[in-house]
Enquirer: 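Below is the structure I would like to discuss, written out as structure tokens.
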Amino acid sequence: MFHRKVVEEVIPVETAVWNCTSESCITWVRDNFKNADVPTCPVCSSGMEQSTKMLPAVENPLQME
């Protein structure tokens, strides 16, 4: 007998992110995964600006509150 795996629906939530300011770079980082108060882009080292995106919720297990 086969059992179907129950797939949980992923509901996106408004999430704080940091977007690279370079027009030639599309990198972004979730706010709870950034490595500084105002991060620099890990790909091109440009500045980053805060924004939001609709993304699935992900907790950072290494984040210290």
Side-chain angles (χ1 to χ4, degrees):
M1 181 180 259
F2 294 100
H3 296 279
R4 287 187 181 217
K5 197 175 202 179
V6 176
V7 177
E8 234 180 89
E9 183 180 354
V10 177
I11 300 171
V13 295
E14 190 168 6
T15 306
V17 297
W18 289 84
N19 293 310
C20 182
T21 57
S22 172
E23 289 186 20
S24 62
C25 184
I26 61 170
T27 302
W28 58 270
V29 177
R30 289 175 185 261
D31 185 63
N32 62 338
F33 282 84
K34 71 183 188 307
N35 60 1
D37 288 335
V38 179
T40 56
C41 179
V43 175
C44 71
S45 299
S46 293
M48 298 188 89
E49 62 186 5
Q50 199 165 23
S51 183
T52 59
K53 287 184 180 276
M54 293 300 289
L55 301 167
V58 174
E59 296 297 320
N60 183 350
L62 302 178
Q63 186 178 28
M64 303 296 280
E65 303 251 354

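In what follows, residues are counted from 1 in the order of the sequence shown.
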Enquirer: Between Met48 and Val29, is any pair of side-chain heavy atoms under 4.5 Å apart?
Expert: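 Side-chain contact under 4.5 Å: yes.
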Enquirer: Mind listing the closest non-hydrogen atom pair of Ala16 and Thr52 along with its distance?
Expert: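 Taking Ala16 first and Thr52 second, the nearest heavy atoms are CA-CG2, 4.4 Å.
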Enquirer: If only atom types and distance count, is the side chain of Asp31 paired as donor or acceptor with the main-chain N or O of Ser51 below 3.5 Å?
Expert: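 Not at all, since once roles are kept as given, no pair shorter than 3.5 Å links the two residues.
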Enquirer: Between Val17 and Gln50, does a side chain to side chain contact (heavy atoms under 4.5 Å, CB included) hold up when you go through it step by step?
Expert: CA-CA 6 Å; Val17 297; Gln50 199 165 23; over 6 Å; no
Enquirer: Can you tell which of Cys25, Ser22, Ser24 makes a side chain to side chain contact (heavy atoms under 4.5 Å, CB included) with Ser46?
Expert: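 Single pass found, and it is Ser22.
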Enquirer: Side chains of Thr15 and Arg30: does their closest heavy-atom pair fall under 4.5 Å?
Expert: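 Yes, side chains in contact.
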Enquirer: Given the rule that I, L, V, M, F, W and Y join up when any side-chain heavy atoms are under 4.5 Å apart, are Phe33 and Val38 in one cluster?
Expert: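 Yes, it is one cluster - the side chains of Phe33 and Val38 are joined through contacts under 4.5 Å.
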Enquirer: Looking at Pro39 and Asn35, what are the two nearest heavy atoms and their distance?
Expert: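 Closest heavy-atom pair between Pro39 and Asn35: CB-OD1, 4.1 Å.
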Enquirer: Test side chain to side chain contact (heavy atoms under 4.5 Å, CB included) on Trp28 and Leu55 and set out the steps.
Expert: CA-CA 12 Å; Trp28 58 270; Leu55 301 167; 3.6 Å; yes
Enquirer: Side chain to side chain contact (heavy atoms under 4.5 Å, CB included) between Lys53 and Asn19: does it pass, once the steps are laid out?
Expert: CA-CA 10 Å; Lys53 287 184 180 276; Asn19 293 310; 3.8 Å; yes
Enquirer: Would you say Thr21 and Glu49 are linked by a side-chain donor-acceptor pair, where the criterion is simply a distance under 3.5 Å?
Expert: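 No, because no side-chain N or O of Glu49 sits under 3.5 Å from a partner of the opposite role on Thr21.
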Enquirer: Of all the heavy-atom pairs spanning Thr40 and Ser45, show the shortest one and how long it is.
Expert: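 So the minimum-distance heavy-atom pair works out to CB-O, 4.3 Å.
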Enquirer: Kindly determine whether Met54 and Val13 satisfy side chain to side chain contact (heavy atoms under 4.5 Å, CB included), including the steps that lead there.
Expert: CA-CA 5 Å; Met54 293 300 289; Val13 295; 5.6 Å; no
Enquirer: What's the separation between atom NZ in Lys34 and atom CH2 in Trp18, rounded to the nearest 0.5 Å?
Expert: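 Nearest 0.5 Å value for the NZ-CH2 distance: 6.5 Å.
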